[in-house]
Number of protein chains: 2
Amino acid sequence: PAHVIVIANEKGGVGKSTMSIHLSVALLKAGYRVATIDLDTRQRSLTRFYENRASFARTAPWDVELPRHFAMDHVRGANAQENESAEFAAFAEAIGEVEHAYEFVVIDTPASDTYLMRLAHSLADTLISPMNDSFVDVDVMSRVHHDRAHRGQVAQYAEIVLEARRKRRLVDNGMIDWVLVRNRIAALQSNNARQVDQALRKLAVELQFRVAEGLRDRVIFRELFPIGLTALDAIEEANHQLTPSQQTARREIESLIGELRLPSRVA
Amino acid sequence: PAHVIVIANEKGGVGKSTMSIHLSVALLKAGYRVATIDLDTRQRSLTRFYENRASFARTAPWDVELPRHFAMDHVRGANAQENESAEFAAFAEAIGEVEHAYEFVVIDTPASDTYLMRLAHSLADTLISPMNDSFVDVDVMSRVHHDRAHRGQVAQYAEIVLEARRKRRLVDNGMIDWVLVRNRIAALQSNNARQVDQALRKLAVELQFRVAEGLRDRVIFRELFPIGLTALDAIEEANHQLTPSQQTARREIESLIGELRLPSRVA
Ligand SMILES: Nc1ncnc2c1ncn2[C@@H]1O[C@H](COP(=O)(O)OP(=O)(O)OP(=O)(O)O)[C@@H](O)[C@H]1O
Ligand SMILES: Nc1ncnc2c1ncn2[C@@H]1O[C@H](COP(=O)(O)OP(=O)(O)OP(=O)(O)O)[C@@H](O)[C@H]1O
Ligand SMILES: [Mg+2]
Ligand SMILES: [Mg+2]
């Protein structure tokens with residue numbers, strides 16, 4: 001069955017959609033059969049990227065790869081139970097359609113504690129949580145408190161992952177490989193970034209995740225969203241000159257994929 | 001009555017809490033009576049900052065200003081109507097306590113479409129929406145589409161503001177001064193940032209907001225979160241050397257406050 005990659009972090013704006021975009025395009029370009037699912041039912045950044053890419057593909061001078069894409073809807077009835085059952089049914093149908101026909105399923109999630117976001121966690125083979133080098137971001141994993149007595153309590157997002165792991169163990173004894181990926185890394189490493197990194201390495205043992213070097217803050221990771229392209233695409237052909245930074249950006253994505261230790265050929 | 005400043009943007013991670021922190025501390029230091037309300041009931045970054053600040057204040061070598069702070073709770077019963085009434089009651093009680101006793105109320109909101117987040121919009125005298133220089137961020141205001149036929153539709157977050165304005169006009173004919181504030185601005189302006197700026201200036205006319213120059217991406221805006229301080233505080237005394245970047249950071253905050261055109265002495 002497909003290897004399920006969930007990109008999630010309850011902290012807003014850490015780069016979940018940006019990672020989902022670059023990861024899914026990279027896997028497509030490596031020749032895998034890829035499905036993508038957007039659980040951010042309001043913002044839909046991943047869906048919007050693939051809409052732009054499909055539009056660009058219509059007139060592009062080369063073959064532009066596209067995944068099989070699903071965008072979930074939020075059900076807003078008065079009864080919370082009924083809403084969840086409807087959301088579950090739609091999501092289960094999408095998973096049912098892709099789990100045997102595709103090699104990878106890449107799932108983007110919203111920055112809020114929703115039913116579908118939690119559900120996705122218990123399906124994850126690889127869970128990727130992007131983070132900024134900031135103690136504001138660490139605080140959703142483990143309390144960053146001036147007062148030592150309150151420091152280090154497991155915080156709300158880590159709770160969600162620990163609970164998903166407990167459920168997963170009961171269902172099929174599967175393991176969630178939880179990878180924290182540093183994103184929007186500054187060119188010059190600050191003292192603050194070193195301290196955040198130290199805090200994460202200590203937390204990694206307690207919360208059982210691993211920390212991967214991610215992406216630097218580069219304009220190329222954001223600027224092609226309107227035309228549905230990435231640094232991985234043949235942007236030289238679309239009149240974009242491939243700058244040294246774009247060359248490096250490609251290598252950064254490739255080395256990040258290497259750190260994820262994804263299965264090479266999925267059964 | 002108090003001047004209500006709401007910091008909101010459904011897009012995650014744009015800097016809502018960072019702006020709420022720096023704005024409320026700046027107003028406190030200017031001698032105003034300030035109340036703060038945290039409507040991000042899960043993440044509570046603003047609440048967490050003031051917890052750290054109160055803890056630091058206990059042993060600080062100088063008088064550390066603190067606002068009157070309220071952290072709202074999310075009510076999670078099975079009936080959506082009842083939850084909303086309970087949340088409304090708690091929020092109305094907090095507003096009732098501060099609207100005449102304080103000069104400014106600063107309200108931080110979550111990156112999701114919640115009942116309290118929408119309610120806050122209709123109370124705003126000044127609405128501040130931080131944004132990154134990215135078309136992913138523009139997309140929540142106005143559709144950024146490769147296909148011209150779909151480009152420019154009013155998107156989900158702008159809809160929320162337009163609706164709040166309609167409601168506000170009915171209630172007390174008040175005007176919401178909507179200010180988009182660029183945040184985490186790069187040191188070197190890219191072509192992409194120029195294009196985003198152009199898109200926002202055009203949108204400003206259609207959606208009736210104004211664009212303010214905000215904050216550069218500086219470590220000092222994030223690194224003191226664990227001890228509840230900002231660049232505005234007497235950090236020279238806490239053994240931090242005030243670097244040139246921190247001097248500039250102070251000026252950036254002061255000039256941002258100037259652009260907000262807040263009332264100088266509130267009746
Ligand atoms: N490595 C990067 N370099 C440059 N910009 C980036 C990078 N990663 C993300 N961004 C930008 O940072 C912002 C946040 O990224 P993104 O929207 O992907 O995060 P998210 O976690 O999906 O946000 P949300 O919580 O709203 O879903 C966007 O403006 C995006 O363009
Ligand atoms: N001007 C800035 N310079 C440096 N870092 C910043 C700046 N503004 C925000 N940050 C950092 O960017 C990240 C996002 O900021 P913040 O948490 O304030 O955004 P938010 O909109 O409140 O996020 P959420 O949607 O999760 O509530 C945090 O890690 C914060 O420390
Ligand atoms: Mg996203
Ligand atoms: Mg916040």
Cut-off 4.5 Å, heavy atoms of chain B, and the answer for Phe135(A) is both
Can you tell which of Arg53(B), Arg48(B), Gln156(B) has the highest number of heavy-atom pairs within less than 4.5 Å of chain A? Arg48(B)
Student check: side-chain heavy atoms of His146(A) and Pro226(B) closer than 4.5 Å: no
Using a cut-off of under 4.5 Å on heavy-atom pairs, state which of Val14(A), Asp217(A), Asn132(A), Asn191(A) scores highest against chain B. Asn132(A)
Let me know if Ser134(A) has heavy atoms under 4.5 Å from chain B in its side chain, its backbone, both or neither. both
With chain B as the partner, which of Val140(A), Val138(A), Asp137(A), Val136(A) has the greatest number of non-hydrogen pairs under 4.5 Å? Val136(A)
Please classify the contact of Ser112(B) with chain A as side chain, backbone, both or neither, using a heavy-atom distance under 4.5 Å. side chain
Qualifying side chain to side chain donor-acceptor pair (under 3.5 Å) pairs, either residue in residues 71-81 of chain A, two or more places apart: Arg44(A)-Asp73(A), His74(A)-Glu87(A), Arg76(A)-Asp113(B)
Relative to chain B, which of Lys11(A), Arg151(A), Gln43(A) shows the most heavy atom pairs under 4.5 Å? Gln43(A)
Checking side-chain contact (heavy atoms from CB on, under 4.5 Å) against Val219(A), which of Leu188(B), Asp133(B), Asn192(B) comes through? Asn192(B)
Given Gln195(B), Arg222(B), Arg143(B), His145(B), the one with more heavy-atom pairs under 4.5 angstrom with chain A than any other is His145(B)
When you measure from the side chain of Asn52(A) to the backbone of Val144(B), do you find a donor-acceptor pair of N or O atoms at a distance under 3.5 Å? yes
Quick check on Arg42(A) against chain B: is it the side chain, the backbone, both or neither that has a heavy atom closer than 4.5 Å? both
Any side-chain heavy atom of Asp147(A) within less than 4.5 Å of one from Phe56(B)? no
So which residue, Glu10(B), Glu51(B), His150(B), Arg58(B), ends up with the most heavy-atom pairs under 4.5 Å with chain A? Glu10(B)
